K.L.:
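Would you mind keeping the following structure in view while I ask a few things?
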Number of protein chains: 2
Amino acid sequence: MNGRKVQKRRPIGKSSGVKLHAEVARNIGERILGGEFKPGSLLPNEAEWGATFAVSRTAVREAIKALSAKGLIASRPKVGSRVEPRSRWNLLDRDVLSWHRSATDRKAFLASTQEFRRIVEPGIAELAARRRTTAQIDQLVAALEGMKRAKTHEETVSSDVAFHEALLAASNNDLLMPFGVLIEETLGNLFDFTTQRNKHYKLALKLHENIAKAVIAGDPEGARKAMLALIGDTDMVIAVASKGK
Amino acid sequence: MNGRKVQKRRPIGKSSGVKLHAEVARNIGERILGGEFKPGSLLPNEAEWGATFAVSRTAVREAIKALSAKGLIASRPKVGSRVEPRSRWNLLDRDVLSWHRSATDRKAFLASTQEFRRIVEPGIAELAARRRTTAQIDQLVAALEGMKRAKTHEETVSSDVAFHEALLAASNNDLLMPFGVLIEETLGNLFDFTTQRNKHYKLALKLHENIAKAVIAGDPEGARKAMLALIGDTDMVIAVASKGK
DNA sequence: CAAGTGAATTTGTATGATAAATGGGAGGCC
DNA sequence: GGCCTCCCATTTATCATACAAATTCACTTG
């Protein structure tokens, strides 16, 4: 009855590259974000997870520790691991955000990310205009060049992300850095949303250019307004794309 | 020569309640935030940490996993654990923020948190005015009552925190929830900063009241402005307190 | 009936062994 | 001599097992 087998490899599925504990964490994390395990409820104990995934308790524990570190759960001896209230979840964490996206209606997800960006990005642009170093200006310009030069879909997305991250870096406030992951998630999804945006792209370029100009000129209020114009335009793109569906 | 000892308890220091791996994570985390281990540099390997703290590799690994989950480090076989670039750090994580505060000049820390709040809280107030449910209004009012009634230092802080968290909750955007920890950290520190603020407190109360009124009335623009007024006043309090030092 | 006590369960930690990944060096080939 | 390939050492990744600690809960006992 004692299932003593000698170390099977890769019991979970998928192929390679990803560590076991990361796979376990992802699986559990997605199920929490997906609502299968609600805040306040108790998770299966470590042994059960081990059986479920056919991995050792060690791997499970490392996954649990990662989920705890992201604020999703909390563990206590004799009790088990309980799902934390949503207010504790680190939704701006790279992984958590990705799990959240997988578990959320596409349109609703985009709406909340856009709302988020509308709140913070104007402030970021304003700060950037006030604080940017010359090196940061160079990065911003380089990203803008990349946007102009972009041919493929991938290049378009990555240069756009680079632009916004350069802006973020130029704000020179470490506390704002976590927003980077959200920008990446949003833009990746956004462009995916609007593949035939050629007519929009020319305008988008101009809007980005306006932001860069204001930041370079050291005009905080101008930068804020230029960013607002961009986000507003992006909202429109989303609306059009949603209606087109 | 083989140091085989039978499980010592509590080898790190401190007293109780805190798990070993959490202690190890805190120690390493603080040293990373403190600049002892800079981004890109390699950490000692797991065995060395184990020797340093007199804990098993198991505990060390769980600490490492937690730090990875917070974006501070990344591990690779044969290489070791490397400190990630600051842009990857989850500075809005409860622990990371706390380590950051310990490692940062008090005034600079307050300045950057205030800057952060100035960017996001007006937007939060605006959203709250647009979205709040009646239950959320009740919470907001209750927090305000708490502020009026507060006698001790502790009550003052906790009711103020409750007010801002109620506002945050009323914004009804999950992505904003992580800001809660920052608000807690800031306010705790702020009040600590200005102990004899009795003359200011009357004004602060009024400013909070204005925010609540606008939110309850469903006046987004009013809520935004009221919040801006509060943050501006807080800035002044900081300036005064700093000069007074 | 109340309070304390002990057993059972679950996480926490320790230990030792093996597997996988990978960087770097040794050695061979052209 | 330069380049390529293969092997080896190091470090993390995973497994298995045992025991410690914490905490719940039922049960005993006064």
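No hydrogens, no waters, no symmetry mates; every other heavy atom, side chains included, goes into these values. Nothing here was measured: the structure is a model prediction, and the numbers come from that model. Numbered from 1 within each chain, the chains take letters A, B, ... in sequence-line order.
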K.L.:
Any side-chain to backbone donor/acceptor pair from A:S159 onto A:E155? Under 3.5 Å, distance only.
P.N.:
yes
K.L.:
Among the candidates C:dA14, C:dG12, C:dA17, find the nucleotide nearest to the side-chain atoms of B:T58.
P.N.:
C:dA14
K.L.:
Does anything in residues 64-73 of chain A reach DNA chain D, meaning a heavy atom under 4.0 Å, and if so which residues?
P.N.:
none
K.L.:
Can you check nucleotides 23-26 of chain C for protein contacts, nitrogen or oxygen pairs under 3.5 Å, and list what you find?
P.N.:
{"from": "C:dG23", "atom 1": "OP1", "to": "B:R76", "atom 2": "NH2", "distance (Å)": "2.4"}

K.L.:
Excluding sequence neighbours, so at least two apart, what forms ring pair (Phe, Tyr, Trp, His ring centres under 6.0 Å) with A:H21?
P.N.:
none
K.L.:
Measure the distance from CD on B:E48 to P on D:dT11 and round it to the nearest whole Å.
P.N.:
8 Å
K.L.:
Just N and O in the side chain of A:H21: are any of them under 4.0 Å from OP1 or OP2 of D:dT14?
P.N.:
yes
K.L.:
Quick one: B:R57 CZ to D:dA18 P, roughly how many Å, whole number?
P.N.:
20 Å
K.L.:
For B:E23 and C:dG12, what is the distance between atoms CD and C1' respectively, to the nearest whole Å?
P.N.:
14 Å
K.L.:
Side chain to side chain contact (heavy atoms under 4.5 Å, CB included) with A:E30: which residues, sequence neighbours excluded?
P.N.:
A:R26, A:W99, A:S102
K.L.:
Sequence neighbours left out, cut at 3.5 Å: what donor-acceptor pairs do the side chains of residues 66-84 of chain B make with other protein atoms?
P.N.:
{"from": "B:S68", "atom 1": "OG", "to": "B:I64", "atom 2": "O", "distance (Å)": "3.0"}
{"from": "B:K70", "atom 1": "NZ", "to": "A:A69", "atom 2": "O", "distance (Å)": "3.0"}
{"from": "B:K70", "atom 1": "NZ", "to": "B:D93", "atom 2": "OD1", "distance (Å)": "3.0"}
{"from": "B:K70", "atom 1": "NZ", "to": "B:D93", "atom 2": "OD2", "distance (Å)": "3.0"}
{"from": "B:K70", "atom 1": "NZ", "to": "B:D95", "atom 2": "OD2", "distance (Å)": "3.0"}
{"from": "B:S75", "atom 1": "OG", "to": "B:S81", "atom 2": "OG", "distance (Å)": "2.6"}
{"from": "B:R82", "atom 1": "NH1", "to": "B:G40", "atom 2": "O", "distance (Å)": "2.8"}

K.L.:
Tell me: CD of A:E46 to C1' of D:dC15, nearest whole Å?
P.N.:
15 Å
K.L.:
Partners of B:R88 by salt bridge (Lys or Arg N to Asp or Glu O under 4.0 Å), sequence neighbours excluded?
P.N.:
none
K.L.:
Please determine, for the side chain of B:E62, which listed nucleotide (C:dT11, D:dT12, C:dT13) has the closest atom?
P.N.:
C:dT13
K.L.:
Does the side chain of B:R61 get closer than 4.0 angstrom to OP1 or OP2 of D:dA13 through an N or O atom?
P.N.:
yes
K.L.:
Whole angstroms only, please: what is the CH2-P distance between B:W49 and D:dT11?
P.N.:
15 Å
K.L.:
Over all heavy atoms of both residues, which pair between B:L110 and B:T113 is shortest? Give the atoms and the distance, please.
P.N.:
O-OG1, 2.8 Å
K.L.:
Can you list every pair that meets salt bridge (Lys or Arg N to Asp or Glu O under 4.0 Å) and has a residue in residues 141-154 of chain A, with sequence neighbours left out?
P.N.:
A:K148-A:E209
K.L.:
Considering just the side-chain nitrogens and oxygens of A:S56, establish if one lies under 4.0 Å of OP1 or OP2 belonging to D:dC15.
P.N.:
yes
K.L.:
List the residues meeting ring pair (Phe, Tyr, Trp, His ring centres under 6.0 Å) with B:F179, not counting sequence neighbours, and say none if there are none.
P.N.:
A:F116, A:F179, B:F116
K.L.:
Nearest-Å distance, CG (B:N45) to P (C:dT22)?
P.N.:
18 Å
K.L.:
Is there a donor-acceptor contact under 3.5 Å from the side chain of B:S41 to the main chain of B:F37?
P.N.:
no
K.L.:
Could you work out, with salt bridge (Lys or Arg N to Asp or Glu O under 4.0 Å) as the rule, every residue matching B:R132, not counting sequence neighbours?
P.N.:
none
K.L.:
Using whole Å, what does the distance between atom C1' of nucleotide D:dA22 and atom CG of B:L20 come to?
P.N.:
14 Å
K.L.:
Under the salt bridge (Lys or Arg N to Asp or Glu O under 4.0 Å) definition, can you give me all pairs with a residue in residues 170-183 of chain A, not counting sequence neighbours?
P.N.:
A:D174-B:R86
K.L.:
Can you list the residues that meet the salt bridge (Lys or Arg N to Asp or Glu O under 4.0 Å) rule with B:E36, with sequence neighbours excluded?
P.N.:
B:R31
K.L.:
What does the list of N/O pairs under 3.5 Å between the protein and nucleotides 4-6 of chain C look like, with a distance for each?
P.N.:
none

